[in-house]
Amino acid sequence: MSRILILINSSGGLYDFRNEFVEALLEKHQVFVSLPDDVKTKELTQEGCQIIRTPINRRGINPLEDLKLYRTYRNLMKELEPDLVITYTIKPNIYGGFSAGRMKIPYITTITGLGGAFDRTGLFLQLIIHMYRAGMKKAACVFFQNEENRNIFKNFGIVGRKDRLVMGSGVSLEHHTFVEYPKRAQTHFLFVGRVMKERGILEFIAAAKKLHSDLVSFDILGYCDEDYQETLEALEKEGVIRQLGFHTEVHPYLADADAIVVASFHEGMSNALIEAAATGRPVIASKISGCLEAFEEGKTGFGFTPGKPEELIQAMEKFLALSYEERAKMGRAARSKMEREFDRKLVTAAYMDEVRKILDHRKEK
């Protein structure tokens with residue numbers, strides 16, 4: 001059996017969005033997973049994965065910590081001698097890719113989004129470009145989740161040996177089943193995502209302050225990744241918003257909402273949007289790559305410019321003006337779009353195609 005090593009910064013991210021791929025790998029290969037947490041390690045272990053705990057400071061920029069992570073990945077590859085390495089998210093992509101490349105181990109990289117890294121200028125931007133080039137230049141295949149991210153990398157000369165475009169991680173249509181649209185007097189807007197500036201929490205709060213009433217509520221599903229907790233608690237006491245906290249199982253919350261709001265400044269492909277659409281819920285979303293692909297203006301949702309609360313409010317007011325029948329029709333159209341374009345089986349097939357090609361080529365050498 002071939003040995004496959006997966007490097008990722010979140011067990012939940014692997015299990016919730018890529019487990020079908022993991023299951024396909026486990027049918028014929030040994031799968032080792034390097035990750036920093038225990039959120040879904042029990043489930044991954046039960047399936048047959050061998051878990052290796054690897055601490056990662058996801059947002060830190062401490063050179064000593066990053067050097068330690070690189071050495072950890074290098075030592076891990078020396079010990080396991082994997083036939084293929086698969087990396088997700090920024091630090092595993094960069095340091096895992098660099099390690100695999102230096103050791104002449106084939107690897108597949110996935111760009112799940114750029115965050116604000118490429119909005120920087122000067123030396124910091126040049127450093128990011130240099131690190132990505134080093135991490136990706138020997139990648140057997142780089143998967144992108146939207147065309148804009150692929151073009152940005154190409155424009156900066158950050159390329160692997162091959163690249164492919166997929167619709168994010170896709171959505172599990174079996175897990176995120178269609179649920180009939182709720183019929184009630186109150187409209188529930190649901191913000192899904194980490195509570196941080198780049199996810200648009202300030203714009204959502206501005207909309208909540210203006211539009212909340214006995215007939216319109218604003219809920220937040222996700223944990224604070226930046227220092228907004230005191231602000232949220234104060235707003236909750238005033239009845240402006242409601243905090244639902246972080247949950248590994250989001251489907252019931254999506255089904256209970258009237259519309260899902262994703263106000264991000266950057267996305268690879270918004271899982272929140274495609275899961276909401278699969279559930280049959282209209283969306284209010286940023287008009288950016290990674291969101292635009294997931295909805296159709298006026299048909300499955302409404303878009304707005306990120307960072308502009310007045311546009312978010314206008315989009316919400318458009319939605320509030322719709323009848324129950326019009327909202328339900330939007331939800332059905334959203335589900336149909338997911339069935340046509342975002343079925344996770346299509347994404348899994350694309351990854352398995354590359355895995356087979358790489359391992360077959362390795363056997364021939």
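Quick note: numbers below take in every heavy atom, side chains included, and nothing from hydrogens, waters or symmetry partners.
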Is the shortest heavy-atom distance from the side chain of [X] to the side chain of [Y] under 4.5 Å?
| X | Y | answer |
| --- | --- | --- |
| Phe218 | Leu235 | no |
| Ile6 | Ser34 | no |
| Gln126 | His130 | no |
| His188 | Val216 | no |

Salt bridge check, [Y] against [X]: does any charged N sit closer than 4.0 Å to a carboxylate O?
| X | Y | result |
| --- | --- | --- |
| Glu233 | Arg242 | no |
| Arg281 | Asp258 | no |
| Lys287 | Glu297 | no |
| Glu23 | Arg18 | no |
| Glu203 | Lys308 | no |
| Asp225 | Arg199 | no |
| Glu65 | Lys68 | no |

- Task: Evaluate the side-chain hydrogen bond (donor to acceptor under 3.5 Å, both in side chains) criterion for residues Thr110 and Tyr351: first the C-alpha distance (whole Å), next the side-chain angles of each, then the deciding distance (0.1 Å), finally the verdict.
- Result: CA-CA 10 Å; Thr110 298; Tyr351 275 87; 2.6 Å; yes
- Query: Would a distance-only check, ignoring hydrogens and angles, find a side-chain to backbone donor-acceptor pair under 3.5 Å from Arg164 to Phe143?
  - Reply: no
Report, one line per pair, each donor and acceptor closer than 3.5 Å where one atom sits in a side chain of residues 318-325; sequence neighbours left out.
| from | atom 1 | to | atom 2 | distance (Å) |
| --- | --- | --- | --- | --- |
| Ser323 | OG | Glu326 | N | 3.1 |
| Ser323 | OG | Glu326 | OE1 | 3.3 |
| Tyr324 | OH | Tyr181 | O | 3.1 |

- Evaluate side-chain hydrogen bond (donor to acceptor under 3.5 Å, both in side chains) for Arg327 paired with Thr187, printing each intermediate quantity in order. CA-CA 11 Å; Arg327 296 181 189 184; Thr187 297; 2.9 Å; yes
Strictly by modelled atom types, are [X] and [Y] linked by a side-chain donor-acceptor pair under 3.5 Å?
| X | Y | result |
| --- | --- | --- |
| His212 | Glu238 | no |
| Asp66 | Tyr95 | yes |
| Asn93 | Thr109 | no |
| Glu20 | Thr348 | no |
| Ser264 | Glu267 | yes |
| Glu47 | Asn19 | yes |

- Message: Could you report the tightest heavy-atom contact between Asp16 and Thr248, atom names first, then the distance?
- Response: OD2-O, 3.9 Å
- Which pair of non-hydrogen atoms, one from Arg53 and one from Asp37, has the smallest distance, and what is that distance? NE-N, 3.8 Å
- Query: When clusters are formed by joining ILVMFWY residues with side-chain heavy atoms under 4.5 Å apart, either directly or through shared neighbours, do Ile201 and Met196 land in the same one?
  - Reply: no
- Message: Checking one residue: Val262. Which other hydrophobic residues are in its cluster under the side-chain 4.5 Å linking rule?
- Response: Leu190, Val192, Leu221, Leu244, Val250, Tyr253, Leu254, Ile260, Leu273, Val283, Leu292, Phe295
- Note on the structure: Under a side-chain separation threshold of 4.5 Å, the hydrophobic residues clustered together with Met338 are Met167, Val171, Leu173, Met269, Ile274, Phe342
- For Phe21 and Leu14, run side chain to side chain contact (heavy atoms under 4.5 Å, CB included): C-alpha distance rounded to whole Å, both residues' side-chain angles, the deciding distance at 0.1 Å, then the answer. CA-CA 9 Å; Phe21 178 39; Leu14 183 63; over 6 Å; no
- Within a reach of under 6.0 Å around CD of Glu81, are more than 12 heavy atoms found that belong to other residues, nucleotides or ligands? no
- Could you check whether the rings of Phe191 and Phe204 sit parallel, tilted or perpendicular, using 30° and 60° as the cut-offs? tilted
